Structures are given as C-alpha cells and as structure tokens.
Amino acid sequence: MTTTVDKSGRRVRAMFGEIAPRYDRLNHLLSMQTDRYWRWWTVRKLASKVDGPVLDLCTGTGDLALAFARKLQDRQPVVGADFCLEMLEIGQTKRRKPAERQVRFLQADAQALPFPDNSFSLITVAFGLRNVADTDQGLREMARVCRPGGHMAVLEFTMPRNRLLGGLYGWYFRNVLPRIGQWLTRNSSQAYEYLPSSVNEFPMYEALVERMNAAGWRDVRFSPLTFGVATLYVGVR
C-alpha cells in the first residue's frame with residue numbers, strides 16, 4: 001500500500017501529545033458520544049473471552065482499558081500501553097474507582113512491545129492501529145505477545161459502504177470534522193486533518209482481515225458499527 005500520510009513516530013507522538021488535554025472532550029463531541037457505545041460494545045463482546053491478562057495497545061487516555069477493568073473487577077490484570085506520555089498521564093488521573101486503579105499504564109511502542117511471548121489472553125487496540133507506522137509489524141507484535149488461543153480486537157474508523165451514506169460521511173469527515181477539531185484544539189500539528197487522511201489510507205474490511213491473517217491471526221471476522229462509521233475486527237491467535 002502506498003502511504004502519503006506522515007506516520008513517523010516523532011510526528012504522531014508530538015501531534016497527540018499536543019492535543020492530549022482536549023482529546024477526550026473532542027472525541028465525545030465529534031462522534032456525538034457514539035465512541036462511548038463503540039467501546040461498550042467491544043467490552044461486551046470480548047470480556048467473556050478473557051482468561052488471563054489484558055493489553056490495551058495504543059490506549060491513549062485509557063478509556064478502553066478502564067472499561068475492561070470495570071467489567072472484569074480485578075479478576076484479571078489490565079495493562080494500557082501507548083507511546084505518547086502526555087496521553088498516559090491523563091489516563092492515570094482517570095483511575096477513580098477501585099477496579100480502575102488496578103490498571104497499569106506504561107509507555108511502549110506497538111512495533112517493539114516490552115513483553116515476553118504469550119503474555120496476554122486478550123489484546124485490544126481502539127482507533128490506534130492506523131497510527132502505527134508499520135501496521136504489519138504492529139500486528140505481528142500483537143500476535144507474539146498473545147497466548148495461543150487468545151483473542152485480539154481492533155476497533156477502527158471505516159468508511160460506510162453504502163454509496164449515499166459513504167458520500168455524505170466522507171464529505172463531513174474531510175471538510176467539517178477537521179475544521180471543528182482544529183478550531184477547538186488550536187494546535188499546530190493539524191491532528192484533525194491527519195485523521196481523515198489516515199483513515200482513508202488505512203486498509204478496511206476484507207483488506208485488514210488479510211493483513212491480520214498474514215500476521216498470524218486466524219478466524220478474523222469484522223462487524224460494522226453505526227452504519228459502518230466504525231468496525232470491530234476480532235481474531236484468534
């Protein structure tokens with residue numbers, strides 16, 4: 001796949017570090033709170049499969065990691081990993097309930113995870129895999145640290161396949177969302193211009209399934225959410 005979006009580690013880390021203080025509020029606003037439902041659905045679908053430690057990769061400010069911790073209630077440890085320290089620092093402040101305080105946040109690169117082989121029973125990544133410079137290496141690292149028979153879940157933006165809806169949403173995604181995000185964050189790194197570009201270039205649906213299969217995952221299936229605005233991919237190690 002030809003890539004034109006600059007996803008170098010230095011650029012992505014600086015960009016998300018700059019918008020970190022407003023990241024959660026903007027996500028809820030721009031998705032009209034739908035991002036909360038997407039995470040709830042992911043936890044609902046995957047929590048029953050957990051029989052060991054959980055890793056939430058590209059965790060950002062930790063919403064999905066914290067949601068799993070609340071659901072599991074200390075039955076299994078949860079780790080939230082991200083390479084943007086500013087995001088992790090905000091995640092630390094959100095650990096208010098007893099179960100949430102058990103989440104361990106650490107700085108890590110998805111392309112070179114600091115964990116032994118076969119460490120986790122479930123690995124999740126929500127809206128972060130497309131930010132990894134080498135998608136295939138990230139998928140291979142996820143497979144390496146997942147136990148045989150364990151599961152993975154990738155929650156990612158997609159473009160609706162319905163032609164009319166896809167056209168309308170694509171127009172909003174390219175023209176409206178970046179302007180709102182840029183105006184509210186007033187950041188110099190243009191994170192909300194990067195968003196539609198990175199989504200458009202990232203493999204979707206069957207294309208991402210093929211990449212996951214090639215990286216060592218099997219039985220990968222996907223479920224479009226909210227008319228295909230986001231999609232949940234689930235696979236087995």
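Source: prediction; values computed, not measured.
Within the model, atoms NZ of Lys45 and NE2 of His151 stand 9.5 Å from one another, a figure rounded to the nearest 0.5 Å. Remark: Leu129 CG to Tyr233 OH distance equals 9.5 Å, nearest 0.5 Å. A distance of 9.5 Å separates CZ in Arg140 from CZ in Arg211, rounded to the nearest 0.5 Å. We find the CG-CG distance between Leu122 and Leu46 to be 5.0 Å, quoted to the nearest 0.5 Å. Once rounded to the nearest 0.5 Å, the distance linking CZ of Arg13 with CG of Asp82 reads 9.5 Å. We find the CZ-CD distance between Phe83 and Gln111 to be 8.0 Å, quoted to the nearest 0.5 Å.
With a 4.5 Å cut-off on side-chain heavy atoms, Pro53 and Phe120 count as touching. Counting heavy atoms from C-beta on, the side chains of Arg70 and Val43 never come closer than 4.5 Å. Side-chain contact between Phe68 and Asp56 is absent, with no heavy-atom pair separated by less than 4.5 Å.
Partners of Ala110 according to the side chain to side chain contact (heavy atoms under 4.5 Å, CB included) rule, which considers only residues two or more places apart in sequence or in another chain, are Leu57, Cys58, Val132. Partners of Arg161 under the side chain to side chain donor-acceptor pair (under 3.5 Å) rule, at least two apart in sequence or in another chain, are Glu206.
Ala153 and Thr42 make their closest contact through CB-CG2, 4.5 Å (heavy atoms, listed as atom of the first residue, atom of the second, distance). The heavy-atom pair separating Leu113 from Glu141 by the smallest distance is N-OE1, 2.7 Å.
Proximity of a side-chain donor or acceptor of Arg101 to a complementary backbone N or O of Arg96 within less than 3.5 Å is detected. Of the possible polar contacts, none joining the Thr59 side chain to the Gly80 backbone as a donor-acceptor pair under 3.5 Å is found. Between the side chain of Arg144 and the backbone N or O of Phe115 there is at least one donor-acceptor pair closer than 3.5 Å. The closest donor-acceptor contact from the side chain of Arg237 to the backbone of Ala143 lies under 3.5 Å.
Between Asp35 and Arg39 a salt bridge is recorded (basic side-chain N to carboxylate O distance below 4.0 Å). The existence of a salt bridge linking Arg36 and Asp63 is excluded, since no basic side-chain nitrogen approaches an acidic carboxylate oxygen closer than 4.0 Å. Salt bridge status for Glu156 with Arg130: present, with a side-chain N to carboxylate O gap under 4.0 Å. Using a cut-off of 4.0 Å between Lys/Arg side-chain N and Asp/Glu carboxylate O, Arg147 and Asp117 are scored as not salt-bridged.
Side-chain N/O atoms of Arg95 and Gln92 include a donor and acceptor closer than 3.5 Å. For the 3.5 Å distance criterion, the side chains of Thr61 and Asp24 qualify, holding a donor opposite an acceptor.
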Mind running side-chain contact (heavy atoms from CB on, under 4.5 Å) on Thr124 and Met152 for me, showing each step along the way? CA-CA 6 Å; Thr124 62; Met152 67 168 303; over 6 Å; no

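Remark: Lys71 NZ is loosely packed, at most 12 non-hydrogen atoms of other residues, nucleotides or ligands lying under 6.0 Å away.
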Donor-acceptor contacts under 3.5 Å from residues 217-228 side chains, at least two apart:
| from | atom 1 | to | atom 2 | distance (Å) |
| --- | --- | --- | --- | --- |
| Trp217 | NE1 | Leu139 | O | 3.3 |
| Thr226 | OG1 | Trp38 | NE1 | 2.8 |

